[in-house]
Undergrad: 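Below is a structure I'd like to ask you about.
Read the numbers this way: they start at 1 and go in the same order the structure lists the ligands and their atoms. Numbers for residues simply follow the sequence, beginning at 1.
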Amino acid sequence: MSVTVIGGGAAGCLAAILLARGGESVTLLEKNARIGRKIYITGKGRCNLTADYPPQEFLGKVVRGEKFLRSAVYGFSPEDTKEFFNAAGVELITERGGRVFPATQKSTTVIDALSREMDLAGVNFVAGAEVLSATVDEGGFSVKTADGREYVSDRLVVATGGKSYPSTGSTGDGYRFAEGFGHTVVKPVPSLAQLITVEDVVALKGLSLKNVTLSAYAPDGKRLASEFGEMLFTDKGLSGPVALSVSARVNRASGVKLSLDLKPALSREKLDARVLRDFSERPNADIQNAMRALLPARLDAFVLKKAGVSPSKKVNSVTKDERGRIVDTLKGLSFTLHSVAPFEEAVVTSGGVTLAELTPACGSRLCDGLYFAGEVIDADALTGGYNMQIAFSTAAAVARDILKKEGR
Ligand SMILES: Cc1cc2nc3c(=O)[nH]c(=O)nc-3n(C[C@H](O)[C@H](O)[C@H](O)COP(=O)(O)OP(=O)(O)OC[C@H]3O[C@@H](n4cnc5c(N)ncnc54)[C@H](O)[C@@H]3O)c2cc1C
């Protein structure tokens, strides 16, 4: 039987390899000149290819599609990804947070391994093949490319990715193909991107913070997200690991308020006592100087301004009410979310082919022989190797299902 795979990213390449190894005649169509243009930029060029956790723990970091992905992740787990790459000659290392990288610290090692395995398995790889349309009739699936060619096959795997970083080739074409087959597409929105604030934070640009908690609230006060860790101010808002994680939980909400706890280890009472102690040690200092022990430079002035206390005020003239406002601001520096940064700078796309119309093996419930794998489906996760693993797990589920249906 013949299979056409559209898209030479993580999902399309693995699906093609496993299908060809199983005896299928596989053609992989990729619009770029090479496979894996997005893989190249993953993990800051080092490619964090999976998250070294057992499936149950892994699924805890999935933002959308946790239930749906169970079968795929158990069927091809992070352990299986490691085994696949080890067998393909790629030595791996696991860093803090279960982040798995090639030992070379180069994403090209992963791309080269996929390319080699595609050749060895006998995948017919067609570079520069931009698919314009995909249809089905009695003769099978017909895929037409921009250079006027037509590819006909018994099965079709759409692995075109999402809309993030469109410069890599992932421009959301798969959504159009899916809709053409009658599928519903959940509105794609950027995820794992910086949080652009209404407030001007340019004065804090480049300042990074450790051990802070960033929370997000809906207009009715419901907490949407709360993340502890590292954060970075940019010229437009908040970035770094905690902001990116929060973005995944607020990208469909409006009127979101953000609250940054700069001292999460201390209760309000303990922090008040600490501020009182600092102040009593330096009664004649400017308040901004007295805050230096608590906060990095630049942030002290920002906090005092938010609290409505003049930075040049002497510590011994600060009222109890003013001290209370400073403590409140330290425990909840507030911002209004303007938006999550656009697809051009979003690590992943949230949304895509609706999961209700797919089998657990990512097969279409509407069109026999049609499959979707990777970021094109409505599933996404936090940073740390989870999104590549979703691409691998769903690709393997597709390959297993097709091979099983053919009794292989
Ligand atoms: C900057 C950045 C860093 C990241 N770092 C990590 C990380 O370290 N770890 C992690 O787990 N995840 C990371 N991700 C996310 C991860 O890369 C993706 O979720 C994953 O690669 C998606 O794989 P995919 O195969 O589904 O889609 P893609 O990798 O997007 O591949 C889709 C392919 O389809 C091709 N295509 C699209 N339309 C057509 C068409 N019409 N015709 C032919 N070909 C087409 C595209 O050119 C592309 O090659 C990162 C993402 C970005 C943007």
Undergrad: Out of Ala15, Ala391, Ala11, Ser167, indicate the one that has the non-hydrogen atom closest to atom 25 (O) of ligand 1.
TA: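 Nearest option to atom 25 (O) of ligand 1, by heavy atoms: Ala11.
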
Undergrad: Any idea which protein heavy atom is nearest atom 14 (N) of ligand 1, and the distance to it?
TA: Val347 CG1, 3.7 Å

Undergrad: Can you find an N/O atom of Ile6 closer than 3.5 Å to an N/O atom of ligand 1?
TA: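 N/O-N/O distance below 3.5 Å does not exist for this pair.
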
Undergrad: Identify the closest protein heavy atom to atom 53 (C) of ligand 1: which residue and atom is it, and at what distance?
TA: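 Ranked first by proximity to atom 53 (C) of ligand 1 is Tyr165 CD1, 3.2 Å.
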
Undergrad: Should we say atom NZ of Lys106 is surrounded by more than 12 heavy atoms from elsewhere, each under 6.0 Å from it?
TA: no

Undergrad: Would one find more than 12 heavy atoms of other residues, nucleotides or ligands at under 6.0 Å from atom CZ of Arg149?
TA: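 Not buried by this count: 12 neighbours or fewer within 6.0 Å.
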
Undergrad: Using a 4.0 Å cutoff against the non-hydrogen atoms of Asn32, which atoms of ligand 1 qualify?
TA: 47 (O)

Undergrad: Quick test: of every protein heavy atom, which one is nearest to atom 34 (O) of ligand 1, and how far off is it to 0.1 Å?
TA: Gly7 CA, 3.2 Å

Undergrad: Which one holds for Ala129 and ligand 1: side chain close, backbone close, both close, or neither close, with close meaning a heavy atom under 4.0 Å?
TA: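 The backbone, only.
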
Undergrad: In this structure, is the centre-to-centre distance between the rings of Tyr175 and His183 below 6.0 Å?
TA: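 Ring centroids of His183 and Tyr175 are no less than 6.0 Å from each other.
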
Undergrad: Closest non-hydrogen protein atom to atom 27 (O) of ligand 1, residue and atom name please, with distance?
TA: Gly161 CA, 3.3 Å

Undergrad: Could you tell me if any non-hydrogen atom of Val376 lies under 4.0 Å from any atom of ligand 1?
TA: no

Undergrad: Below the 3.5 angstrom mark, is there an N/O of Ala373, backbone or side chain, next to an N/O of ligand 1?
TA: no

Undergrad: Should we count CZ of Arg70 as having more than 12 external heavy atoms under 6.0 Å?
TA: no

Undergrad: For atom 9 (N) of ligand 1, what is the nearest protein heavy atom, given as residue, atom name and distance?
TA: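 Closest protein heavy atom to atom 9 (N) of ligand 1: Asn48 O, 2.8 Å.
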
Undergrad: Tell me: protein heavy atom nearest atom 44 (N) of ligand 1, and distance?
TA: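 Nearest neighbour among protein heavy atoms for atom 44 (N) of ligand 1, to 0.1 Å: Lys31 N, 3.2 Å.
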
Undergrad: For atom 16 (C) of ligand 1, which of the options Gln389, Arg37, Met388 provides the nearest non-hydrogen atom?
TA: Met388

Undergrad: Nearest heavy atom to atom 40 (C) of ligand 1 wins, so pick from Thr171, Asp173, Thr42.
TA: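 Of the listed residues, Asp173 has the closest heavy atom.
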
Undergrad: Looking only at non-hydrogen atoms, which of Glu345, Glu130, Arg34, Glu30 approaches atom 47 (O) of ligand 1 most closely?
TA: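 Residue with the shortest heavy-atom distance to the ligand atom: Glu30.
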
Undergrad: Identify which of Gly12, Ala159, Gly169 has a heavy atom lying nearest to atom 37 (C) of ligand 1.
TA: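 Going through Gly12, Ala159, Gly169 one by one, Gly169 has the nearest heavy atom to atom 37 (C) of ligand 1.
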
Undergrad: Which ligand 1 atoms, with their elements, are less than 4.0 angstrom from a heavy-atom of Gly385?
TA: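 This gives 9 (N), 10 (C), 11 (O) as the contact atoms.
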
Undergrad: Ring centroid separation for Phe392 and Phe85, is it under 6.0 angstrom?
TA: yes

Undergrad: Can any side-chain N or O of Asn32 pair as donor or acceptor with the backbone N or O of Arg34 at less than 3.5 Å?
TA: no

Undergrad: Surrounding NZ of Lys61 (heavy atoms of other residues, nucleotides or ligands, distance under 6.0 Å), is the total greater than 12?
TA: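 No.
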
Undergrad: Run the contact test for Ile39 against ligand 1 with a 4.0 Å cut-off on heavy atoms, strictly below, and give the result.
TA: no

Undergrad: Other residues, nucleotides and ligands only: do more than 12 of their heavy atoms fall within 6.0 Å of CZ on Arg298?
TA: yes

Undergrad: In terms of atom number and element, which parts of ligand 1 are under 4.0 angstrom from non-hydrogen atoms of Gly9?
TA: 25 (O), 29 (O), 31 (O), 33 (C)

Undergrad: Hey, does the Lys NZ or Arg CZ of Arg223 hover above the aromatic six-ring of Tyr217, less than 6.0 Å from the centre and inside 45° of the axis?
TA: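 That pair does not qualify as a cation-pi contact.
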
Undergrad: What do you reckon, is OH of Tyr40 surrounded by more than 12 foreign heavy atoms closer than 6.0 Å?
TA: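 No.
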
Undergrad: Of the protein's non-hydrogen atoms, which lies at the shortest distance from atom 18 (C) of ligand 1, and what is that distance?
TA: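 That would be Glu375 OE1, 3.0 Å.
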
Undergrad: Using only atom types and a distance under 3.5 Å, with no angle test, would you say the side chain of Gln288 pairs donor to acceptor with the backbone of Pro311?
TA: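 Side chain of Gln288 to backbone of Pro311: no pair is present.
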
Undergrad: Are more than 12 heavy atoms, taken from residues, nucleotides or ligands other than Glu91, located less than 6.0 Å from that residue's CD atom?
TA: no

Undergrad: Check ligand 1 against Tyr386 and write out every atom of the ligand that is under 4.0 Å from a heavy-atom position of the residue.
TA: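 This gives 11 (O) as the contact atoms.
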
Undergrad: State which residue, out of Ser164, Ser191, Ser170, fulfils the side-chain hydrogen bond (donor to acceptor under 3.5 Å, both in side chains) condition with Thr349.
TA: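 Output: one option passes, namely Ser164.
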
Undergrad: Check the pair Phe58, Tyr386 against ring-ring contact (aromatic ring centres under 6.0 Å, His included), reporting the backbone distance first and the verdict last.
TA: CA-CA 7 Å; Phe58 178 95; Tyr386 296 92; 5.0 Å; yes

Undergrad: Measure the distance from atom 28 (P) of ligand 1 to every protein heavy atom, then report the residue, atom name and distance (to 0.1 Å) of the closest one.
TA: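 Checked against all protein heavy atoms, atom 28 (P) of ligand 1 sits closest to Ser170 OG, 3.9 Å.
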
Undergrad: Should Leu49 and Pro102 count as side-chain neighbours, where that means a heavy-atom distance under 4.5 Å?
TA: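 Yes, their side chains come closer than 4.5 Å.
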
Undergrad: Output the list of atoms in ligand 1 that are nearer than 4.0 Å to some heavy atom of Gly374, sorted by atom number.
TA: 26 (O)

Undergrad: Out of all atoms in ligand 1, which are within 4.0 Å of some heavy atom of Thr168? Include the element for each.
TA: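 Under 4.0 Å from Thr168, ligand 1 has these atoms: 47 (O).
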
Undergrad: What about Gly43: any of its N or O atoms under 3.5 Å from an N or O on ligand 1?
TA: yes

Undergrad: I need the atoms of ligand 1 closer than 4.0 Å to a non-hydrogen atom of Ala10, numbered in the order shown.
TA: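 Checking each atom against Ala10, I get 25 (O).
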
